[in-house]
2 protein chains.
Amino acid sequence: MRDGLATVPLFVAVPHYDGAVTEPKEPEGAAPAGPVKKHARDGKPNATIYDIAKVAGVNPSTVSRALSKPGRVSAKTQKLIEDAAAELNYQVNPFARALPTGRTSTFGLIVADITNPTFFDIIRGAETTATARDYTLVLAESAESAATELTAARRMMATVDGLILASPRMDDDNIRALARDKPVVVINREVDGVPCVVPDVNKGISEAVRSLAANGHQKVAFVAGPPQSWMSARRWEGVQAACEWSRLEAVRLESSKPTVDGGRQVARDVRASGATAVLTYNDLLAIGLMQELQAAGVVVPDQISIVGFDDIFGADFTTPPLTTVRSPLGECGSGAAALLLDLLHRDLSHGDLPLGAGEPAAILRVETELVLRGSSGRLLPAG
Amino acid sequence: MRDGLATVPLFVAVPHYDGAVTEPKEPEGAAPAGPVKKHARDGKPNATIYDIAKVAGVNPSTVSRALSKPGRVSAKTQKLIEDAAAELNYQVNPFARALPTGRTSTFGLIVADITNPTFFDIIRGAETTATARDYTLVLAESAESAATELTAARRMMATVDGLILASPRMDDDNIRALARDKPVVVINREVDGVPCVVPDVNKGISEAVRSLAANGHQKVAFVAGPPQSWMSARRWEGVQAACEWSRLEAVRLESSKPTVDGGRQVARDVRASGATAVLTYNDLLAIGLMQELQAAGVVVPDQISIVGFDDIFGADFTTPPLTTVRSPLGECGSGAAALLLDLLHRDLSHGDLPLGAGEPAAILRVETELVLRGSSGRLLPAG
DNA sequence: ACTAGATTGTCAACCGGTTGCCAAAAATTG
DNA sequence: CAATTTTTGGCAACCGGTTGACAATCTAGT
């Protein structure tokens, strides 16, 4: 119903605008008589519920109810009001609504780095789900800094109904503190007591390791990500476990930073390790590593197999295209948004739920899978 | 251990909206002693200016002035109020402020496709500039549809102080209509009467074409983008002009869509054209084209040179890495944001500016440059 | 027809700042 | 020291919705 109001007048809006179109044509005649604010409320002082009330001949509060409490007013009054609203091209003033209710129909998403392709699909997933449910997404970037992240989060808390933290850098306690204030959902990390969306790395990793084992590899290196990364730890655990299961040897190497450049830098360690297959914390590292190895004359995958993580945009641009353990990032984003919206609606319906009594925070696990491309394969005998 | 892992359920059920279920459960008996709203204002009922006023012993309006009108109150009252505010950990309620003033310290950015890497840097540039000036960025996606774009724009207009449209799909009149309502800045397109930020393609293109000419190429193909794309038209014009100047032959080819896939599809036309060098509307096309040509055994750049546009993320992942005409996308984003903020502040300072009398809408042109990588170079004699 | 009960609409008090107007207080001047 | 100007703080009316309490109206039951 409400939506109908917002979207139906799409075409009604045309008359609304073309009145103004004629305006500029006017200067021909006389000098602009009255000074006109450029972006003002002069032409169309956005209709209010009071205007509607006047047109429909009812009380403003009745208008308010007709527009937000379905069934609270009689069918005919409802129609009367809706017609008036349509006629006046009414749209609610979100601020006026937010003031007394605290609800803003908005939620925040904080990512570590807007230009990191890992987040693209997360952002899109969240945005799509939000929009579909008539929520607005506000985006902020933490520039990979825990402090900036916390600041951004605090700032947002004031204006949003809930918050999604994608791969947060701040520590668990801060996250829980935020979650105490408003619903928070975390992506790519588990935080006790806070709803999370995490890719379950095990399936993807075991597929990858099994594939490597089947191709004759015996020693696998894992290039780790940032020390404080929860995900990096999980991936290393997964690799260890899978290697154990497949009776492969696993060694861990450190990277300076989880970027293409970091991948280049770790190349010498990789070669020194003697491993014939490498899994890297993310695709960026894998790509840099592959570039550097190839530049040194190493043939991929004949001499060394490379497997990344995430399946980011561009992972298939390389030669050979990158084999990678895909996380359904878009799903993470939309899943987080959906989770958040559920929390919001729950709060709405019976907000006086005892704090401790609630069921444990939901954890949404999404599956990972191996995407087999050209950068991994059978090891060729040296020669 | 490993075994257990394999059985981890794909999705842990997301607790669903079961308000109706829990409610009846309550008759159970003694209600939980202290019913506590989960996300409530109980702990810290966000301090208001009234609280501050009480603490500081002044009138709320004085607090308001102290906090927003610098110099309007005496130094000692100021200090008194600031201390009280700090003590109470006060932060303004943005909605309460927006309601009477209409100012929201927020602006919107609408992009055609959040997952299109072209926009990544634009988004970041805008976000960074916005945040630096204490504005918040709200993001929306038009999913490449003019109608969705317009809807999103209209929806946003209600809650933002201004709007940035990146490569908008809607037509000029609609953009101007929006611009009449609130400040609007357009990226990647020129719209009469609306401030724009556009990369000036000429420098980059002439560098590219000169480089091709110097490498012995004589016939250049341009793979165009969407017919309605303003930018595509500019680029084709630029290519034509530069080719004329360098006395090269230029032919235009059409693409089905400006994506990697579109690039693959256009490969046969490219080969049929007889051109030895190709410029494509964007990098995605270039990458797809290169993949397809290479798959068919064509050696790049020995047999054909490929030059893209934009220098998107991943353009250097290819083998050979892609030569491309770089648009400073980040600059576009931050430039647009800066332009918008200027407009906002101008409106603020003397809002009663006559509509027609203002100087013509600003056009910010940013420079493009050739990024020479491996996909273009000297033509080798067939062999 | 008369009343209990359910619907539906109205009144008025918020939500938390902002701002025009005015008077008290302080500073400047004659 | 009085008269005048400038500061500074207070009062109150908004901004545009929401919502609890209550009254009016309508429906149904006997």
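A, B, ... follow the sequence lines: proteins, then strands. Residue 1 opens every chain. Since the structure is predicted, the reported quantities are computational estimates derived from the model, not experimental observations.
- With sequence neighbours left out, B:R97 forms a side-chain hydrogen bond (donor to acceptor under 3.5 Å, both in side chains) with no residue at all.
- A:N59 has a side-chain polar atom (N or O) that falls below the 4.0 Å cut-off from OP1 or OP2 of C:dC11.
- In this view, A:T106 satisfies the side-chain hydrogen bond (donor to acceptor under 3.5 Å, both in side chains) rule with no residue, not counting sequence neighbours.
- The nearest whole Å value for the distance from the CZ atom in B:R103 to the P atom in D:dC15 is 16 Å.
- Comparing C:dG17, C:dG9, D:dT18 by their closest approach to the side chain of A:T101 singles out D:dT18.
- A donor N or O paired with an acceptor N or O is found under 3.5 Å between the base of C:dG9 and the side-chain atoms of A:R72.
- Less than 4.0 Å separates DNA chain D from no heavy atom of any residue of residues 79-91 of chain B.
- Summarising the geometry, the separation between NZ on A:K54 and P on D:dG17 is reported as 13 Å, rounded to the nearest angstrom.
- Heavy-atom distances to DNA chain C give each of B:F95 and A:A75 a nearest nucleotide, and the one nearer the 5′ end belongs to A:A75.
- The B:L99 side chain lies nearest to C:dG16 when the options are D:dG17, C:dG17, C:dG16.
- What separates CZ of B:R97 from C1' of C:dG17 is a distance of 8 Å, to the nearest Å.
- Residues meeting the side chain to side chain contact (heavy atoms under 4.5 Å, CB included) test with B:R124, sequence neighbours left out: A:D113, A:I114, A:T115, A:E141, B:T128.
- Axis angle between the ends of the helix from C:dA1-D:dT30 to C:dG30-D:dC1, five pairs each and rounded to 10 degrees, works out to 30°.
- DNA chain D is contacted by B:S61, B:T62, B:R65 of residues 61-70 of chain B, taking any non-hydrogen atom closer than 4.0 Å.
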Output, in order, the C-alpha distance, side-chain angles, deciding distance and verdict of side-chain contact (heavy atoms from CB on, under 4.5 Å) for B:L88 and B:I52.
CA-CA 7 Å; B:L88 294 173; B:I52 298 180; 3.9 Å; yes
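- Sequence neighbours left out, the pairs with a member in residues 67-81 of chain B that pass salt bridge (Lys or Arg N to Asp or Glu O under 4.0 Å) are B:K79-B:D83.
- Residues forming a salt bridge (charged side-chain N to carboxylate O under 4.0 Å, His left out) with A:D171 (at least two apart in sequence, or on another chain): none.
- With rounding to whole Å, A:I49 atom CD1 is found 6 Å from D:dG16 atom C1'.
- For B:Y50 and D:dC11, the OH to P distance is 12 Å, given to the nearest whole Å.
- Both B:S74 and B:A96 lie near DNA chain D, and the one whose nearest nucleotide falls closer to the 5' end is B:S74.
- Screening residues 52-62 of chain B for side-chain hydrogen bond (donor to acceptor under 3.5 Å, both in side chains) gives B:N59-B:S61 as the qualifying pairs, with residues at least two apart or on separate chains.
- Evaluation of the side-chain hydrogen bond (donor to acceptor under 3.5 Å, both in side chains) rule for A:T77 yields A:S74 as partners, not counting sequence neighbours.
- The side chain of B:V58 lies closest to D:dG10, out of C:dT18, D:dG10, D:dG16.
- For the side-chain hydrogen bond (donor to acceptor under 3.5 Å, both in side chains) test, residues two or more places apart in sequence or in another chain that qualify with B:E82 are B:Q78.
- Taking 4.0 Å as the cut-off between side-chain N and carboxylate O, B:D181 and B:R176 do not count as a salt-bridged pair.
- When distances run from any side-chain atom of A:V73 to the nucleotides C:dC21, D:dG17, C:dG9, the shortest one goes to C:dG9.
- A side-chain donor-acceptor contact under 3.5 Å links B:E149 to the backbone of B:R169.
- The side chain of A:P100 lies closest to D:dG16, out of D:dG10, D:dG16, C:dG9.
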Using distance only, find each side-chain donor-acceptor pair of residues 153-165 of chain A under 3.5 Å and give its atom names and separation, not counting sequence neighbours.
residue	atom	partner	partner atom	Å
A:T159	OG1	A:M156	O	3.2
A:D161	OD1	A:T104	N	2.8
A:D161	OD1	A:T104	OG1	3.0
A:D161	OD2	A:T104	N	3.2
A:D161	OD2	A:S105	N	2.8

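- Remark: B:N46 is not in phosphate contact with C:dG16, judged by side-chain N or O atoms under 4.0 Å from OP1 or OP2.
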